[in-house]
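Structure record follows, encoded as structure tokens.
These numbers come from a predicted model, not from an experiment. Chain letters run A, B, ... following the sequence lines, proteins first and then strands; every chain starts at 1.
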Amino acid sequence: MKFVRFAALLVVGLLLVVGAHNQAGAQGENIFVAAIHSDLKGVFCSLSASTGANNTVWNFYVWGPSAHMSLYGITTLGQQPFPSLAKDFATPFTQEGGLWVSTVELLPGVKWSDGTELTAEDVAFTFNTFATVLPTGRTLSLELGGGWANPAFDLIDRVEAVDTYTVKFYLKEKPGLAQWEFTLLLWDIFQKKFWEPKFQEALQSDDPVRSLAAIECPGEPSAAPFVTKQWQPGAFAEIVANPNYSFKGTIATEYQDADGNIVGYEEQLPEALGGGTRSAGTTSGDGISVALRTEEGPFVDGVIYSLFGDQSSAALAVISGEVDYHFNPLGYGLATLNQLEAAEGVRVIKNASNGVFYLSFNLRKSPFNYVEFRRAVRCVIDKEFVANELLAGQVIPAYSPVPPGNAFWHRTLTEEEKAEACIGLSEEERLARARQMLEEAGFVFEGGRLAQDPEGNPIGQLELLHPNAAYDNNRNIFGLHIVDRLQKLGIPVRDVPAGFNNIVTLVFDRQDFDMWQLGWGLGLYPDYLEAFFHSRNTQPGGNSPQGGVCSAREDALTGCQQEFDRIADEFLAEQDLQRAQELAREMQRLIFQWAAYVPTHYVQQQDAYRADRINWQGLEDKPILDGLQGGAAFVGLVVKTQ
Amino acid sequence: MWKYLFKRLIQIVITLYIYASIVFIIVYMQPGDISQIYINDPQIPPEAREALLERLGLNQPVHIQYINFMKNLFTGNLGISFSQYPRPVWELIKERLPRTVALFVIATLLYFSLGFYLGKLIAWKRGGLIDYSATVIGVVLFTVYTPWFAILLLWIFGYKLGWLPIGKFNDPLLWRQYEIDQNLVFGYIVGVGGAALLFLFVVFLLGRKLYLPRALRWTIHLGALGLVTAVIVYLLWSTTIGLLARDILYHMILPAITVTLIAFGGTMLLMRDSMLEVTREDYVLAAKAKGLPDKAVRDKHAARNALLPVVTSFVLALAFTVDGGIITETIFSWPGMGLLLLQAVLEEDMPLAIGALVFTGIFALVAHLVADILYAFLDPRIRYD
């Protein structure tokens, strides 16, 4: 053991010497340091990053501002599609020989990071490649899975480069907004010169997806504000400013009306892109004012995504100044939040997250196939009490599957609906009202316990599957509250806390459940309403395990499901934004009416950053869906002052 | 001895087969699979989930998956990771192993040395103030809530005093200038450190076997230590890799100290108990009766004979360093084998979870064999037929 002692002495001595000579980081460059909590998945390439299960939010944080741009972008506050690589909006679809055709003109002068020009060839190559049908009968898009999986590619017959700046899309069916403006026109454009040989080689291999996912491509030509540089697994990833970024210097202005609604958008392009102006909506007139004006960056030399395994240590790093910004999609605990807010030079901004947490029922079974029962359950849940008292304001009570942050699509409740949902009532009033609803529908209570449904069937022990505290404490607390209130109402229910996989297996794969709680991360366009409630999605593995928007019994009596399906189909095919908005809000009305879902809460997106070193050009004071880390600030607008 | 070794190797293979089968069954019995990650995203159509299940072979019957797994295992192929597709499991283990080994071997050396020394000391002075205070401190630290203690140290030394970095194993602002693969640097640390320890071990062994005079032996020991230190210092301060290795070592100080403080109590109490047994033996009484100095009786007669359980524990602890430590790795942002295994289980990455567990199992089985051989080396009464 003497040897071990000597060895230990050597180690201690070395550590002490090294500790006394710690090095300082590189100085001179304006490097933005962001903390992340999970390492990148797959190999270091944009393609691998979104393939299959590699497609994590952490990969998105790194790849979002680098590598790719799309024909359209999304405006920051208005959240509307607006031309980006496209010079103007795509032409309306016309029929040519049984196909639906639209033409997109590209902005001349857009450069890749390697100095070559982005042309129609790149666009056509991208869409034709992802629409390639593999021997499995599925498109490459679906086979790649993850972030690349989208059935919209099934619509593509071909895409042609008519000339250097003109692309023609030939689609088999006329697409709706969901497939066109909110999918295909937002799709990442790949550089043909770099990717074509790689795709061709992969598509000829035995396993094209595996071959493609294995390609490493640091420094891949990028049309975006940044270019990827390196990844040190388990430590950090680095992207650097694209020296040829064509949109740098673009002045973007969003306009609001007197009520604060975003009504218009205008872009002043930089000289490199001809210096013109393009706009949409209302940009002048009575009561119209500037809501936000930003200049496109990037204003830093690079971004380092530094891996921190633990939220507390990352928060300490922000406070100590080691880190400029903290990517933290899970939100902070109250203690950490207070610590950050009290720290000098640190600011935390809170925004609505684009996701919803909900309670739902098995509409195939009694008593859940009675809307009165579902409404009674909704009535007894005091979301304000849970959100504000039990969870100390960390979550926001929810009444629609479309979060209010997605303002264009969100529908607020009418006064009658608020009364129907028992909003503002005390616990006793809620319980009394819910009992009244049940008794009026024909439910029978015996000795204070719900005993029979209106058809005289006995009601046995019911179960609520909800996430356990280890998986998600917010939903756990909501679950406990729901069970407590239902038991007080006399409903024989017990809570079953479980992990995500257990719940998903029982609910989505086996459809063996009574009630469950989970959540969804949502997209901008609310086509998920169709996914959650259309009758075509009720099969095992589908997104509507509860069985649609109402029960089969109710559908037979009122045609509620058929009505919803009709509206959802119309919504998917709709090409007019205003009409689509009306349909989306009508779907939300029906969802509330039939109470198949009881949305419980939305979470806040909390962004902590060094306010003494970063200037977001006023963005930090505006409501932005999903916050800064949702992409608005990181896709170009990265501003750091030294 | 060779016959014994052969028998043990056969046992190891059988045990490994049973262990791998149990690991496969346990991991397989988890509800769901990695494709459920798609269910979080309503934009992803069910067809994409079907494609993923086909791609990963999860649509095959369980017995086919088991046979494929066993075939792969015994041909040295641990498969492709589901969550890091299409990276092979071996590649991920190779990526994580050096950083785990570097941290936990150093921490294990430190806490065993401290535990051994204090255990010996407090057993010899049992009932005194040192015994009570070391025992209380050791037990308190051994049972302390690790995440809290680690965060506390991080807060004091990283944030309040600013002496040490807040987690991570390198400074990205420094490393970005060189673009050198961190595993090369970790390999450098493990390689140079391993060579230095091997050199010292040989020198110490020779010093013992050659029966040199004490003064000369000490001179050689100290000379060897000085030589090794000088070479290491030169390497650390004269090359770019040395610069980056220093950065890693600097970041290693706090996690190594944390693990040492938390774990030394176990070794200390083990050594104390073992020493207390030995000090009751007649030969210790005889050594005292001969008038040998107290220190000589303690170190040469009692401590050496009390070593056996500590050495066993040490060898097994070294083997389990490949397993890492989930809490330490999380708090100090030191993603190694522990976090790899945890993430694999949480993400239902079956090949990676099974691969990491089997890899650790192989080390544990080999370590048991090494411990048994060491018994014979340390205690001449033990012989294997």
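Between chain A and the options B:I166, B:D41, B:N183, B:I257, the largest number of non-hydrogen pairs under 4.5 Å is found for B:I166. In terms of heavy-atom pairs under 4.5 angstrom with chain A, the leader among B:R49, B:E348, B:K168, B:Q43 is B:K168. Interface summary for chain A: among B:I331, B:L154, B:V203, B:I37, the most heavy-atom pairs under 4.5 angstrom belong to B:I331. Ranked by non-hydrogen atom pairs under 4.5 Å with chain A, the options B:S83, B:S35, B:G32 are led by B:S83. For the set A:L144, A:V504, A:L40, A:N150, the entry with the most heavy-atom pairs within less than 4.5 Å of chain B is A:V504. If you tally non-hydrogen atom pairs under 4.5 Å between each of A:V209, A:T136, A:L142 and chain B, the highest count goes to A:V209. Top candidate by heavy-atom pairs under 4.5 Å with chain B, chosen from A:A214, A:G302, A:A531, is A:A214. For the options A:I319, A:V323, A:I304, A:N543, heavy-atom pairs under 4.5 Å to chain B are most numerous at A:I304. Considering only heavy-atom pairs separated by less than 4.5 Å from chain A, the leading option among B:E54, B:R96, B:E50 is B:E54. Between chain B and the residues A:F508, A:W148, A:W520, the largest count of heavy-atom pairs under 4.5 Å involves A:W520. Interface check for chain A: of the options B:L52, B:N170, B:L205, the most heavy-atom pairs under 4.5 Å are formed by B:N170.
Residue A:Q232 touches chain B through both its backbone and its side chain, counting heavy-atom pairs closer than 4.5 Å. For chain B, the nearby part of A:R138 is the side chain; its heavy atoms alone come within less than 4.5 Å. Contact of A:N502 with chain B is made through backbone and side chain together, with heavy-atom distances under 4.5 Å. Only the side chain of A:V33 comes within contact range of chain B, with heavy atoms under 4.5 Å apart. Looking at A:S313, both its backbone and its side chain come within 4.5 Å of chain B, counting heavy atoms on both sides. Heavy atoms closer than 4.5 Å to chain A are found in the side chain of B:P46, but not in its backbone. Neither the backbone nor the side chain of A:Q311 comes within contact range of chain B; no heavy atoms are under 4.5 Å apart. Heavy-atom distances place no part of A:N537 under 4.5 Å from chain B, backbone and side chain included. With a threshold of 4.5 angstrom between heavy atoms, A:L506 does not approach chain B through any atom at all. Using a 4.5 Å cut-off between heavy atoms, B:I80 contacts chain A through its side chain alone, with no backbone atom that close. At a 4.5 Å heavy-atom cutoff, the contact between B:W155 and chain A is made by backbone and side-chain atoms alike. Looking at B:E47, both its backbone and its side chain come within 4.5 Å of chain A, counting heavy atoms on both sides. Proximity to chain B is limited to the side chain of A:E322, based on heavy atoms less than 4.5 angstrom apart. For a residue to count as touching a neighbouring chain, one of its non-hydrogen atoms must lie under 4.5 Å from one of that chain's; by this rule A:L316 touches chain B with backbone and side chain alike.
Taking each heavy atom of A:G234 and B:P335 in turn, the nearest pair found is O-CG, 3.1 Å. Summarising the geometry of A:G309 relative to B:S333, their closest heavy-atom pair is N-OG, 2.8 Å, with the distance given to 0.1 Å. Across all non-hydrogen atoms, the minimal contact from A:P151 to B:P45 is CD-CG, 3.7 Å. Nearest heavy-atom pair, A:A53 versus B:I34, reported as atom, atom and distance to 0.1 Å: CB-CD1, 3.8 Å. Between B:Y38 and A:G52, the shortest heavy-atom contact is OH-CA, 3.1 Å. Heavy-atom minimum distance, A:S312 versus B:I151: CB-CD1, 3.6 Å.
A distance of 8.5 Å separates CG in B:L173 from CZ in A:F236, rounded to the nearest 0.5 Å. From B:R55, atom CZ reaches atom CD of A:E143 across 5.5 Å, with rounding to the nearest 0.5 Å. Between the NZ atom in A:K41 and the OG atom in B:S81 there is a gap of 7.5 Å [rounded to 0.5 Å]. Interatomic distance, OH of A:Y471 versus CG of B:L346, reported as 11.0 Å (0.5 Å rounding). For the atom pair B:L339 CG and A:S38 OG, the distance stands at 9.5 Å (nearest 0.5 Å). Separation of atoms CZ (B:F82) and CG (A:N54) is listed at 12.5 Å; rounding is to 0.5 Å.
Sorted by first and then second residue, the salt bridge (Lys or Arg N to Asp or Glu O under 4.0 Å) pairs with a member in residues 301-312 of chain A form an empty list; sequence neighbours excluded.
Not one N or O on the side chain of B:Y85 forms a donor-acceptor pair closer than 3.5 Å with the backbone of A:T51. B:Q182 places no side-chain N or O within donor-acceptor distance of the main-chain N or O of A:A235, the cut-off being under 3.5 Å. Side-chain atoms of A:S320 never come within 3.5 Å of backbone atoms of B:Y159 as a donor-acceptor pair (strictly under, hydrogens ignored).
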>> The test is side-chain contact (heavy atoms from CB on, under 4.5 Å); show your working for B:E179 and A:E238 and say whether it passes.
In response: CA-CA 10 Å; B:E179 290 191 57; A:E238 182 184 9; 5.6 Å; no

> Given the rule in the side-chain contact (heavy atoms from CB on, under 4.5 Å) test, do B:Q84 and A:D39 qualify, once you have shown the distances and angles that lead to the verdict?
Replying inline: CA-CA 10 Å; B:Q84 300 262 17; A:D39 210 355; 5.5 Å; no

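In the model, B:Q36 has a side-chain atom that pairs as donor or acceptor with a side-chain atom of A:D509 under 3.5 Å. Under the 3.5 Å distance criterion, with hydrogens and angles disregarded, no donor-acceptor pair is assigned to the side chains of B:Q30 and A:N501.
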